[in-house]
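No hydrogens, no waters, no symmetry mates; every other heavy atom, side chains included, goes into these values. Sequence lines set the chain letters: A, B, ... in the order given, protein chains first and strands last, and positions in each chain run from 1.
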Amino acid sequence: MNRQKLEAELSYKFEIENLNAWFGSKQVLKNINMKIKEKAITAIIGPSGCGKTTLIRCLNRMHETVPDAKVTGRVLFNGVDVYGRDIDPVQIRRKIGMIFQKPNPFPMMSIYDNVAIGLKLNGVKDKRKVDSIVEKSLRMVGLWDEVKDELNKSGASLSGGQQQRLCIARALAVEPEVLLMDEPTSALDPISSAKIELLIRELAEDYTIIIVTHNMQQAARVSDYTAFLYLGELIEYGPTRQIFENPKNELTEKYLTGGFG
Amino acid sequence: MKSTASFSKIAYLKAKIKGDEIFRLVSAFFALTTLLIVVLMVYELTRGSWLSLQKFGLGFITGTTWDPVFTLNFGALPLILGTLTTSAIALAISVPISIGIGLLLSEYISKRLEFFVSFIVELLAAIPSVVYGLWGIFVLIPFLRNNVYPYIQAVLGSLPLFSGPIYGGGVLTAGIVLAIMIIPIISSVSREVFSAVPLSQREAIISLGATKWETCKIVMSYAKSGVIGAITLGLGRAIGETMAVTMLIGNKFKVLPSSLFDAWYTMAAIIANEFTEATSDIYVSALINVGLTLFLISLMVNVIARLIVWRTLRLVKGVSRG
């Protein structure tokens, strides 16, 4: 019985329990409870300001880097509370990669160094190992053939879509278990967005991916599970198909049919 | 009725356009005056130093004699070296301290404390340089002579830089006071450029599992061009600083000092000291020639810094701002 329970828990990467978050006195997340499946894509949708971004930022403890931000509740990552007393947020963040809304490569570093920086932080010094990880990461995001002859160029010399893929490669290089993506295609043109979406699907083979998006079609296209957030509350959460074809909550249906937001 | 209304509107627009035109001309005039001042300054400096330029030519900046009494031979190389050396010492001391202050203010402490600390640091800039000179003579020199220099010499005395007699005043003392004087400008500009680094850059490195120090390194590399600008501002001030240096460096014209504890001279100091007693035409002209050299060196420093800033800014601009 206990064993069964344990196994059931293990297939969840995250278990969020009674999560509340604030900016100053403004509460942005209200008592969120959800379990996130391993090696699946979970989309978080909802109108602007509903707390989508804050929710994923609570998972890798980025939320608290903002002054006056506060969190209560538990976030179990592989069964361990990331807000536990002996947990170093730096260690947590090394296992959970994050991709941001706007591509943010380091402009003062070469393309190569942009990907290698995480390894450097982790103390990997073996040049050959770094070389091979950089190549592998760039191949995974489909950028290798485009940049292999100009690895010494600045990371800022690439186009917006390439920059975003570079950022994904940078996150992948440290071999995280999870990728958190905060509207990763909102600053990109449709073709670059499509490439990123395809990449997300491929990555889901090996990684747990949580993607925040304001684009409902994107959520429907890429995700396995969808969570709908409204005014800081988790309104509905389930398999993407069910959410989109047969929403149980009136608010969800209204949002999906363009009723508001 | 309607036509008068539209007429008055046209008249109003005409008046407005005329006003715009006048405003454009007035601001263009004011902008050009600064350029004009620079041009006039170069002209006047060149005119004033003409006698010296004719007699010594380029030899003026390579010459190492300064004899206003018998031979009337003038060469400014030791002065140029003196200015560059004291400025270099000032930078070597003040840059790490100032960058540390800038990082502390922008990355580590709360907004309220930041205001308080930066206010105090910037207060240093409000102290007149003659007061720095007095403080140097009465407080710093005795302190350095008794409590610091002997220990430096005990450890590093085998190097020629730190051997020889310790007077108190001298090259190193002048450099230290200059450093204190340029800390406010370098640290406050550094703080500003660090604060201007986009949040997205900090978040990028934090999300990769960077520690605070590693985050600071990213902030510094992103803000490199701004920090170079800050250092240039400080260097500009150090090169031209006159009063405090004149009071502390010892004012001895010699090709090279025997050590950093020895007395020397700078371009600004010799002008301040000797202008009133310059009796012959060629002596006055030589001093103005020193001024022209000082001006050109400052200009060169600024141009080089500008180039570096442009080069690094080009990289930053490739990343969409946000």
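Among residues at least two apart or in separate chains, salt bridge (Lys or Arg N to Asp or Glu O under 4.0 Å) pairs with a member in residues 104-127 of chain A are A:K127-A:D131. Evaluation of the salt bridge (Lys or Arg N to Asp or Glu O under 4.0 Å) test over residues 74-86 of chain A, restricted to residues two or more places apart or in two chains, returns A:E17-A:R74.
The number of heavy-atom neighbours closer than 6.0 Å to CD1 of A:I191, taken from other residues, nucleotides and ligands shown, is 12 or below. Within 6.0 Å of CZ on A:F23 lie more than 12 heavy atoms contributed by other residues, nucleotides or ligands. Within 6.0 Å of the NZ atom in B:K212, the count of heavy atoms belonging to other residues, nucleotides or ligands exceeds 12. In the displayed structure, B:Y108 atom OH is contacted under 6.0 Å by more than 12 heavy atoms of other residues, nucleotides or ligands.
Proximity to chain B is limited to the side chain of A:R57, based on heavy atoms less than 4.5 angstrom apart. Contact of B:I206 with chain A is made through backbone and side chain together, with heavy-atom distances under 4.5 Å.
Residues from residues 89-101 of chain A that place a non-hydrogen atom less than 4.5 Å from a non-hydrogen atom of chain B comprise A:V90, A:R93, A:R94, A:I96, A:M98, A:F100, given in numerical order. For residues 133-140 of chain A, a heavy-atom distance under 4.5 Å to chain B picks out no residue at all.
Annotation: side chain of B:E214 is not in contact with side chain of A:I117 (no heavy-atom distance under 4.5 Å). In this structure, A:V66 and B:L199 have side chains that are not in contact, with every pair of non-hydrogen atoms separated by 4.5 Å or more.
Of all heavy-atom pairs spanning A:N104 and B:A204, the tightest one is ND2-CB, 3.3 Å.
With values rounded to the nearest 0.5 angstrom, B:K217 atom NZ is found 16.0 Å from A:M108 atom CE.
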